[in-house]
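Just so it is clear, the model here is predicted, and its values are computed rather than measured.
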Amino acid sequence: MSPRSHSGSNQAGRIVAVIADVLAFILGLWIVMYLLDANQANNLVAFIQDAARWLAGWSHDLFTFDEEWARVVAGYGLAAVVYLFIGHAVAGTLRRH
């Protein structure tokens with residue numbers, strides 16, 4: 001394999017890892033905003049909430065805890081962990097090839 005091809009796979013792996021980190025950051029930011037009772041009428045808060053809801057659509061109401069804050073932390077937190085795990089696993093695979 002040529003050095004140029006190897007460098008391209010390193011670059012692709014780095015991009016995938018950064019994307020996974022950004023997605024997890026958005027989800028984590030929404031968890032923090034929710035726990036701190038951020039003003040949902042604020043445009044930034046509404047944007048983060050919408051983005052997080054879209055990213056965690058598959059895990060949003062996966063858990064049925066009695067407390068809403070626990071459902072938010074578990075549902076959005078699970079999505080963040082999955083994005084990090086899968087994103088960094090794919091990035092590692094790309095870097096090795």
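Annotation for W54: atom CH2 does not count as buried by contact number, only 12 or fewer foreign heavy atoms lying within 6.0 Å.
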Side-chain atoms of residues 28-52: list all donor-acceptor pairs with protein atoms under 3.5 Å, sequence neighbours left out, distances to 0.1 Å.
from : atom 1 : to  : atom 2 : distance (Å)
Y34  : OH     : E68 : OE2    : 3.4
N39  : OD1    : A41 : N      : 2.9
N42  : OD1    : L44 : N      : 2.8
N42  : OD1    : V45 : N      : 3.3

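Listed for the R71 side chain is a donor-acceptor partner under 3.5 Å among the backbone atoms of F65. The backbone N or O of I19 sits nowhere less than 3.5 Å from a side-chain atom of Y83 that would complete a donor-acceptor pair.
Minimum heavy-atom separation, A89 to R96: O-NH2, 4.5 Å. Contact between A91 and G13 at its shortest, heavy atoms only, is CB-O, 3.1 Å.
Between the CD1 atom of I86 and the CG atom of L84 there is a distance of 10.5 Å, given to the nearest 0.5 Å.
The side-chain contact (heavy atoms from CB on, under 4.5 Å) test applied to A56 returns L27, S59, Y76, A79, not counting sequence neighbours. Applying the side-chain hydrogen bond (donor to acceptor under 3.5 Å, both in side chains) rule to D21 yields the partners H88; only residues at least two apart in sequence or on another chain are considered.
V81 and F25 sit in two unconnected hydrophobic clusters of ILVMFWY residues. Membership requires side-chain heavy atoms under 4.5 Å apart, directly or through other members.
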